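Just so we're clear, the structure is a prediction, and the values are computed from it rather than from any experiment. Throughout, protein chains are lettered first and strands after them, A, B, ... in sequence-line order, and every chain is numbered starting at 1.
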Amino acid sequence: MTQAEYHFTNNQLADIFDNIGSLLEIKGEVIYKILAYRKAAESLRTFGREAQDVWREGKLMGIPGVGKAIAEKIDELFTTGKLEFYEKLVHEVPIGLLELLQVSDLGPKKAALFWNQLGITNLVELEQAANAKKLQSLPGMGEKSEAKIIAGIQAIHRRSGRIPLGKAWLFYNELAKILGNVPGVVRLEPAGSLRRMRSTVGDLDILAAVSDSEAIMEEFIHHPQVIRVIGQGQTKSSVEFDNGVRAQLWAHPPERFGTALQYATGSKDHNVRLRELALKHGLSLSEHALARTDGSEILCKTEEEVYTALGIPWIPPELREDRGEVQAALSSSLPTFVKLDDICMELHCHSTWSDGRLTIYEMAEAAIKRGLKILAITDHSGGLGVAGGLKIDDLQAQRTEIDNVQAQLGSRLKLLQGSEVEILADGSLDFPDEVLQKLDIVIASLHSSLRQPREKVTQRLVNAIQNPHVDIIGHPTGRILPDREGADLDMDAVFQAAANNSVSLEINANPARLDLDDVYARRAAEMQIPICINTDAHSESDLDLLHFGVSTARRGWLTPDMVMNAWAGERFSNWLNRKGIIE
DNA sequence: GCCGTTTTCGGCCCGACTGTTTTCAGTCG
């Protein structure tokens, strides 16, 4: 018999379970049940494999945070396309109430209050009620609470969502110039998802080491770009800037900076793990100190001291997502992760032959300045009209120029002639095989027709991977942060093809891409696919974006062994020659 | 609802800030 099967991505499942959690919270369900749904949702988002495949294998409960009850719900969704429990819940608690939870200072209790007392079921109705001053007379409410809710709704109208990592770093650096110079400030560090190098950042978290916090807090809340002070105190203040960014500043004395930085870096789930671990050592961990049961404190100046006190090695911030890092640290199986210094080649950049700003010689000198040993010039193929791609006839002239520049460089840098060849809408490549064959290295990339149906766009990528001359797939999904989704790819099929053909998948280091992302990178590496980290530089300063790619790789648990740009020359040339293409 | 170097039941992290309160609940990270 044939059984119908409905398709849900991990993110779609996660959204459903997040919604269930929030609706139950408004309903007043016990908190641990809610946390369990949230945990399962987060776990699905970062699992790396499609839950649907796991379901076909009958192993849903192997997904962390998924037990019997949630596995049954996932099964019902794949089997019937619906979830009765969810539908009944939505019938009971209006789903529009979830919008209310986006308003700062408005949580499930107040959402339930507004719904029960005033019949409010969505954000529009809440705004009307607030403007009509209907909220302030409710129990536990007052004029100030109502004004805060109005301000929170206005902030939602202003905000554009999460900030891309690159923009967050630039803004942090601007703030750091001012805050770092406040008298008495010993250290200033980014914290939160910024320090963990997530691809997008919600609020900007900043931590200062200072004995007296008054001056820096004053400087912070009176910054000229601040349009709203959300909260202010001695250890924590929070503001909104005119560019829609929200930031919080924590201040702690230098002798307690280690616990404070650990705390402010998060993630929340990682911190919960550490506190559980602390309790097993008879200690209570907070941002201030490790406290013994008799109340005495262990102060930590550095994060290393915190982790050491808990009996585990320091864990890099990028790892702190509760994806098994604490367990790995406990069992001494935390590997040494790739770092910026390991990277000795750039395999994806552009010159004035297409849309780059530097000549090949200038790009080479910029690469040498950054300590690189190998540089692949990979200008666009002609098909990408907007980028002024090379025609086939141009390639020989470009080769001559590369040879000339190579002669000038001598042994300081090895140049490769490559191409970022377009994967066309019909799945063919922009250059014929006999042209690709003459190149030292070939990157194939999708830039157009990203919205094709899943099956078609996946097949385009698989075709490219199976071409005997293709070495690397550039920015595989084509996503642009924060808002342009990548192509709807069957990543398991892409990974399988890449593994079979020993084709490398790129982590594009440009913070507008970070594609592959951390979760996919981890999965790809587990499948023995060689990963490369490239800046896709179009200018000299683009080469300095490399650290974003390296951090993404660390978030994906990648070691130098898994990252091609960190390989010794011989191992790299062996890989490049795996099909006998170049000298 | 999940989970197990205190295991199949009984736990499940910690504190700051705010507003409405006369001691605490709600929210947030």
Side-chain angles (χ1 to χ4, degrees), chain A residues 17 20-21 24-26 28-43 60-74 85 100-114 135-149 151-152 191-194 196 202-207 213 217 229-238 246-252 256 259-260 262-291 310-311 322 326-327 330-331:
Chain A
F17 291 126
I20 288 175
L24 289 176
E25 201 173 15
I26 293 170
E29 184 60 86
V30 293
I31 189 66
Y32 295 112
K33 192 179 282 196
I34 291 147
L35 292 175
Y37 279 109
R38 299 239 165 92
K39 184 79 197 167
E42 178 61 15
S43 178
L60 279 178
M61 285 173 69
I63 300 173
V66 175
K68 188 161 175 284
I70 291 180
E72 280 172 2
K73 290 182 174 64
I74 296 175
F85 174 79
L100 271 53
L101 304 181
Q102 305 301 312
V103 180
S104 61
D105 299 312
L106 203 173
K109 295 289 192 318
K110 283 183 187 165
L113 178 74
F114 300 152
L135 304 182
Q136 51 180 268
S137 54
L138 295 173
M141 292 288 297
E143 274 183 41
K144 283 188 175 177
S145 301
E146 187 175 71
K148 271 191 149 185
I149 284 177
S193 51
L194 181 63
R196 302 200 311 279
D203 297 349
L204 220 55
D205 295 308
I206 304 170
L207 181 64
S213 68
M217 287 300 176
V229 177
I230 300 165
Q232 61 185 103
Q234 286 191 334
T235 56
K236 187 174 105 174
S237 293
S238 156
R246 287 197 305 194
Q248 0 195 25
L249 174 67
W250 279 279
H252 286 271
R256 296 176 186 271
T259 41
Q262 194 292 310
Y263 161 77
T265 299
S267 65
K268 199 171 188 302
D269 289 337
H270 175 86
N271 288 358
V272 168
R273 288 279 176 214
L274 282 199
R275 285 173 183 155
E276 285 170 1
L277 186 58
L279 288 176
K280 285 177 187 162
H281 283 79
L283 296 166
S284 168
L285 173 62
S286 77
E287 57 265 52
H288 303 292
L290 281 155
L310 299 178
D322 189 26
V326 174
Q327 294 90 324
L330 277 169
S331 62

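A search for ring-ring contact (aromatic ring centres under 6.0 Å, His included) contacts involving A:His288 returns A:His252, not counting sequence neighbours. Shown here are the salt bridge (charged side-chain N to carboxylate O under 4.0 Å, His left out) partners of A:Arg275, two or more places apart in sequence or in another chain: there are none. Listed by chain and residue number, nothing satisfies the side chain to side chain contact (heavy atoms under 4.5 Å, CB included) test with A:Thr235 (two or more places apart in sequence, or in another chain). Scanning for salt bridge (charged side-chain N to carboxylate O under 4.0 Å, His left out) contacts around A:Lys33 gives A:Glu29, with sequence neighbours left out. Residues that satisfy the salt bridge (charged side-chain N to carboxylate O under 4.0 Å, His left out) test with A:Lys68, not counting sequence neighbours, are A:Glu72.
Of all nucleotides in DNA chain B having an atom under 4.0 Å from a heavy atom of chain A, the first and last in 5' to 3' order are B:dG1 to B:dG29.
Note on A:Ile34: nothing from the nucleic acid sits closer than 4.0 angstrom, heavy atoms only. A:Ile31 comes within contact range of no nucleotide atom at all, as no heavy-atom separation falls under 4.0 Å. Backbone-only engagement by A:Ile70 is indicated by non-hydrogen atom pairs under 4.0 Å involving sugar-phosphate atoms exclusively. Among the heavy atoms of the strands, none lies under 4.0 Å from A:Lys39. Counting non-hydrogen atoms under 4.0 angstrom, A:Lys144 reaches the backbone sugars and phosphates but no base. A:Pro139 comes within contact range of no nucleotide atom at all, as no heavy-atom separation falls under 4.0 Å. Using a 4.0 Å heavy-atom distance criterion, A:Leu285 is classed as a sugar-phosphate-only contact. Heavy atoms of A:Asn271 sit nowhere under 4.0 angstrom from any nucleic acid atom. Nucleic acid contact class of A:Tyr37 (heavy atoms, under 4.0 Å, all strands): sugar-phosphate only. Backbone-only engagement by A:Ser104 is indicated by non-hydrogen atom pairs under 4.0 Å involving sugar-phosphate atoms exclusively. Across all strands shown, A:Glu143 has heavy atoms under 4.0 Å from sugar-phosphate atoms exclusively, and none from any base.
A:Lys39 has no carboxylate O lying under 4.0 Å from a charged side-chain N of A:Glu42, or vice versa, which leaves the two without a salt bridge.
For the pair A:Lys73 and A:Phe17, the cation-pi criterion (under 6.0 Å, within 45° of the ring axis) is not fulfilled.
In this entry the base of B:dT20 is anti relative to its sugar, with a glycosidic angle more than 90° from 0.
A gap of 24 Å separates the P atoms of B:dA16 and B:dT21, to the nearest Å.
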